[in-house]
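Note that ligands are numbered from 1 as they come in the structure, with each ligand's atoms numbered from 1 the same way.
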Amino acid sequence: MRGVAVLGSTGSIGVSTLAVLKRHPDRFRLVAITAGSNADRLAQQQAEWRPAFASLANGNGNGGTAGRAALLEAATHPDVDIVVNAVVGFAGLEATLAALWAGKRVALANKESLVTGGPLVERARLEGGGELVPVDSEHSAVLQCLSHAAAPCSRIILTASGGPFRDWEADRIATATVEQALCHPTWRMGSKISIDSATLANKALEVIEGHYLFGLPYDAIDVVVHPQSIVHGFVEFADGSVLAQLGYPTMELPILYALTHPERLGDAGVRRFDPVAAASLTFEPVRHEVFRAFALGLAAGRQGGLAPTAFNAANEVAVARFLANQLAFGRIAEIIETVLARFPGGPVSDLGDVQEADAWARAVAESLI
Ligand code: NAD
Ligand code: MG
């Protein structure tokens, strides 16, 4: 029986996580839940699950320091073995660090933790004795392929659906509406990651996430567009052999795997795969010149240090403004580009550096809008 905390329990991944836990009451006990908003849903979850700890905790503002403290309390709760970090954005970083320092397993959906504080997360994992297991479907796919391998891999390939604008002309994409951008072809997700999937910034975040998770150089991480979202990731070995993980798009499988890795439980409640029904699986290159946010994110990753933190902050600000109808879709990448061009860079030595770079990039991004 393992105790679980779900940070961001009212969101897309949070709700899917509770659905997964519900199917395995003999294996998991829900100990703590937190949410940044949606008090009604949190109250419903509290009534249904009766967790030892529940809090409406916004790590950024609303809840102020009390909110941040609640996230950290849930992440380090003594009865918790596994922390599912399903908070969206930079607000999730401190909870990831705290959980790893406390020796917990972190089932990480909050990829922004690794993007903004990768070296700190790695240090917390090594010195705190915790474990880091990805929830992101592509990274779960890679981990599942690697878990059966006796040799290290030489390259990974992450798949991208291509988002709603995969085959649109650049001019049309620049003026896309919020509704169009939220209309993802294969996944139903929270609004921020849906916009990141439309700009392909999400795939840049995932490349950086993969770099830290699997300790691979950027030259060993490729991305391919795969509109059907059936193949979630590939792993290539030195001899040229390639393994892939497949399945219909559902987050419940990677969530369950993050809870049980390296074991597998009998029932993830997923639709069984039928290759004939899946029919054709197609692959195409990313249009780097059209999806500028992707190219900028990769460049920030390769630059390293605090550049990915600045990239992430600029993206979070631009996406929030786009969702509020205050910015054209095409301006998201422009804001990121200007922020990164002005960013002086620097190494990631401690959390203070990361918070400073994040705040700096947010302020510059806001000033540009
Ligand atoms: P969401 O917006 O649906 O949910 C986010 C949750 O975090 C909500 O419970 C919200 O109340 C809470 N939250 C938001 N801001 C907060 C703050 N400042 N402090 C504390 N709590 C806060 O988002 P989501 O789609 O579930 O995504 C969550 C994370 O998982 C993101 O990092 C995303 O990139 C990643 N992810 C999501 C999916 C998916 O299918 N939704 C897939 C892969 C990875
Ligand atoms: Mg993903």
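In this structure, R29 contributes its side chain and R2 its backbone to no donor-acceptor pair below 3.5 Å. With hydrogens and angles disregarded, no donor-acceptor distance shorter than 3.5 Å links the side chain of S241 to the backbone of F237.
Checked against a 6.0 Å centroid threshold, the rings of F291 and F165 do not count as neighbours.
The shortest N/O to N/O separation between D136 and ligand 1 does not fall below 3.5 Å. Considering backbone and side-chain atoms together, N202 places no N or O closer than 3.5 Å to any N or O of ligand 1. Where the criterion is an N or O separation shorter than 3.5 Å, residue side chain and backbone included, G8 meets it with respect to ligand 1.
Residue A57 has at least one heavy-atom neighbour below 4.0 Å for each of these atoms of ligand 1: 19 (N), 20 (C), 21 (N). Heavy-atom contacts of T10 reach the following atoms of ligand 1: 8 (C), 9 (O), 11 (O) (cutoff under 4.0 Å). For ligand 1, the atoms lying closer than 4.0 Å to a non-hydrogen atom of N110 are 32 (O).
Checking E112, H184, M251 against atom 32 (O) of ligand 1, the nearest heavy atom belongs to E112. Residue nearest to atom 31 (C) of ligand 1, selected from I13, I193, L42, V87: V87 (by heavy-atom distance). Ranked by closest heavy atom to atom 6 (C) of ligand 1, the top entry among A86, S55, P134, G14 is A86. Nearest residue to atom 12 (C) of ligand 1 from G36, S37, A109, G190 is G36 (criterion: closest heavy atom).
Heavy atoms from other residues, nucleotides or ligands lying under 6.0 Å from CD of E169 number 12 at most. By the neighbour-count criterion of 12 heavy atoms within 6.0 Å, atom CD of E356 is sparsely surrounded, having that number or fewer from other residues, nucleotides or ligands.
Here the angle centred on the Mg ion (ligand 2), running from OD1 of D136 over to OE2 of E206, is 90°, rounded to 10°.
For the residue pair R50 and Q45, no side-chain donor N or O sits within less than 3.5 Å of a side-chain acceptor on the partner.
For the pair R302 and Y218, the cation-pi test (distance below 6.0 Å, angle within 45°) is failed.
Here the side chains of I193 and W187 are not in contact, with every heavy-atom distance at 4.5 Å or above.
E138 has its closest N, O or S atom to the Mg ion (ligand 2) at the position named OE1.
The closest approach between K192 and ligand 1 stays at or above 4.0 Å for every heavy atom of the residue.
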Handout entry: Test salt bridge (charged side-chain N to carboxylate O under 4.0 Å, His left out) applied to K111 and E138, step by step
Key = CA-CA 12 Å; K111 64 194 85 183; E138 298 78 359; 5.6 Å; no
